[in-house]
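Just below is one structure, and these are the notes that go with it.
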Amino acid sequence: MKPRRLKPADFLRPAPEMAHALIGCVLLVDGVGGRIVETEAYDMADPASHSFTGPTTRNQVMFGPPGRAYVYRSYGIHWCLNFVCDEEGHGAGVLIRALEPLQGMAVMCERRGLHAPRLLCSGPGRLGQALAIEHDLNGLRLDHKPFEVLAAERPHEVVVGPRIGISKAADVPWRFGLAGSPHLSRPFR
DNA sequence: CGAACGATTAGCT
DNA sequence: GCTAATCGTTCGA
């Protein structure tokens, strides 16, 4: 039987809870993607979050309705994908950091210029490149084309740790991963 | 208007 | 482990 597709109401949860719940779900963009194996939570009370300083032109989508995509450019080079969650106006989101590639392997390999499944989607920038995430997807609903987010079909063992690549609140354990997955951007310890 | 700074990655030591 | 690449956003003058 086919897994259930997540709808906006499924995203009405605090960021850490949402980030935990997304592990094991499947993310597809135009039919290309895989299982979510790594996430990070951010919210308005968090000094490391883009939403911390309040709404701006860049982060306004984070303050809009939950269940949408927040896309931003990182280090002037990479596109990263977040899911807006919690209640509208809360500025909460979940950064999708890594996938286990499942569908559209050939397309992802071509976009990444690789054939090693390990490195296709194991990192937020790599994932963005493999799924062709660009700024035109910013603000789009996750339950409409080209997105598809499918519920996990069974429970998964989740590991928790501190977030990566930030200087503020680096000790907050808001990074979540699928235990033992070889597709994590970095191992948990 | 200028300057500093990344929610990163690849490549080299 | 260290650093360059590269550019939009943000903040101060």
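Naming convention: chains lettered A, B, ... in sequence-line order (proteins, then strands); numbering from 1 in each chain.
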Practice item. Starting at atom CD1 of A:Ile166, determine the distance to atom C1' of B:dT9, rounded to an integer number of angstrom. Key: 18 Å

Check your understanding: Roughly how many Å is it from CD in A:Gln129 to C1' in B:dT8, rounded to a whole number?
Key -> 12 Å

Review point. So what does A:Asn82 hit on the nucleic acid, given a heavy-atom distance under 4.0 Å: a base, only sugar-phosphate, or nothing?
Key: base

Exercise for review: Output the single nucleotide from C:dG8, B:dA7, B:dA10 whose closest atom is nearest the side chain of A:Arg73.
Suggested key: C:dG8

Practice item. Nearest-nucleotide wise, let me know which of A:Arg112 and A:His50 is further upstream toward the 5' end of DNA chain B. Key: A:His50

Practice item. Round to the nearest Å and state the distance from A:Ile133 atom CD1 to B:dA7 atom P. Key: 19 Å

Review point. More than 12 foreign heavy atoms under 6.0 Å from CD of A:Glu17: is that the case here?
Key: yes

Review point. Given A:Glu40 and A:Phe176, is the side-chain contact (heavy atoms from CB on, under 4.5 Å) satisfied, shown in steps?
Key: CA-CA 6 Å; A:Glu40 283 180 1; A:Phe176 302 86; over 6 Å; no

Exercise for review: Would you mind pulling out the nucleotide paired to B:dA7, Watson-Crick or G-U wobble, both distances under 3.5 Å?
Suggested key: none

Review point. When the distance from CD1 of A:Ile77 to P of B:dG6 is rounded to whole Å, what number comes out?
Key: 15 Å

Check your understanding: Once you round it to whole Å, what is the distance between P of B:dA7 and CZ of A:Arg186?
Key -> 16 Å

Practice item. State which of C:dT10, B:dA7, B:dG6 makes the closest approach to the side chain of A:Thr56. Key: C:dT10

**Study point:** First of A:Tyr75 and A:His135 reached from the 5' end of DNA chain C, by closest nucleotide
**Key:** A:Tyr75

**Study point:** Heavy-atom closest contact (A:Ala179 atom, A:Val159 atom, distance)
**Key:** CB-CG1, 3.9 Å

Review point. Among B:dA7, C:dT9, B:dA10, which nucleotide sits nearest the side chain of A:Arg58?
Key: C:dT9

Practice item. Could you state the atom-to-atom distance from CG of A:Leu119 to P of B:dT8 in whole Å? Key: 17 Å

Exercise for review: Can you figure out which of C:dC11, B:dG6, B:dT9 approaches the side chain of A:Ser167 most closely?
Suggested key: B:dG6

Practice item. Classify the nucleic acid contact of A:Arg163 as base, sugar-phosphate or nothing, counting any heavy atom under 4.0 Å across all strands shown. Key: nothing

Practice item. Ignoring hydrogens and angles, answer whether the base of B:dA7 and the side-chain atoms of A:Tyr72 contain a donor-acceptor pair closer than 3.5 Å. Key: yes

Revision key, fill the gap. Rounded to whole Å, the CZ-P distance (A:Phe52 to B:dG6) equals 14 Å

Practice item. Measure the distance from NE2 on A:His78 to P on C:dA4 and round it to the nearest whole Å. Key: 15 Å

Check your understanding: Between the side chains of A:Gln129 and A:Arg112, does any donor sit under 3.5 Å from an acceptor?
Key -> yes

Check your understanding: Which atom names give the shortest non-hydrogen contact between A:Pro14 and A:Cys85, and what distance separates them?
Key -> C-SG, 4.3 Å

